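Note sheet for the following structure.
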Amino acid sequence: LSTLVLTTDAAYDPLAADLAVGESITYTMTVTLKEGRTTILLTSDLADAPGLLAITATNVSFIGGNIQGSSLAVGQPAVTSDAAPLTGYLDFAEFDFGEVTNIGDNVEDDNDRIRVTVTGTVVDIPANVDGVSMVQAADLTHALGSFSSSASVDVVEPDLVMTKTGQFTGSSVVVGP
């Protein structure tokens, strides 16, 4: 996911995406509903100290054709906030679909799914240094309980190389009195 040429998503954790300051990652969360009525609340928490991903975009990207009664529509954003510890950046998203009904058809397919996206950007703060690992925590709360999932990213920095050359343009150097 990193646009750095030398980054291969394996600088630290080979299972985590590598991102540099200013780069973004989009998380897609998909929920498949059983037939019937339930409440749906999806949250995404990007505030994982010591580093920070700031939310730059949220979106309900898909609601299946069998799902009725949602308080959110396709294209609507989540309610975002600055979670603890207060950082001054939006780092928590909440998609509250309310009580929904998944009309029964005895088939599990896209008509039974809700999909949301959350985009986070590695912000330029002192805590986001090379090797810092951050976790995006996603939680689904529904009428019968909850489910959690997470994904990690590692902060990477470029390897800076400096070369200095000089050219002497004089006839002599005199040192002393």
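Every value quoted in this text rests on a predicted model; they were computed, and no experiment measured them.
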[atom2] on [Y] to [atom1] on [X], rounded to 0.5 Å:
X	Y	atom1	atom2	value
Q136	T26	CD	OG1	11.0 Å
F97	L42	CZ	CG	6.0 Å
N66	E108	CG	CD	11.5 Å
L90	L46	CG	CG	10.0 Å
F62	T117	CZ	OG1	13.5 Å

Minimum heavy-atom distance between [X] and [Y], given as atom pair plus value:
X	Y	value
V156	Y12	CG1-CE1, 4.2 Å
S44	M29	CB-CE, 3.9 Å
D13	L15	OD1-N, 2.8 Å

Who pairs with [X] by side chain to side chain donor-acceptor pair (under 3.5 Å), at least two apart in sequence or on another chain?
X	value
D110	R113
S81	none
T80	none

Who pairs with [X] by side-chain contact (heavy atoms from CB on, under 4.5 Å), at least two apart in sequence or on another chain?
X	result
V135	D48, S150, S152
A137	D45
V132	P50, V129, M134, V155
A143	T38, T39

**Request:** Please check if the side chain of D82 supplies one atom and the backbone of T87 the other of a donor-acceptor pair under 3.5 Å.
**Result:** yes
**Prompt:** Is the backbone of R115 close enough, under 3.5 Å, to the side chain of S61 for a donor and an acceptor to pair up by distance?
**Reply:** yes
**T141 side chain to S146 side chain, donor-acceptor N/O pair below 3.5 angstrom** = no
**Message:** Test: salt bridge (charged side-chain N to carboxylate O under 4.0 Å, His left out). Region: residues 96-106. Which pairs qualify, not counting sequence neighbours?
**Reply:** R37-E99
**Asked** Restricting to pairs with a member in residues 123-144, which pass salt bridge (charged side-chain N to carboxylate O under 4.0 Å, His left out), not counting sequence neighbours?
**Response** none
**Item:** Nonpolar side-chain network containing Y89, other nodes, edges under 4.5 Å
**Value:** L52, V123, I125
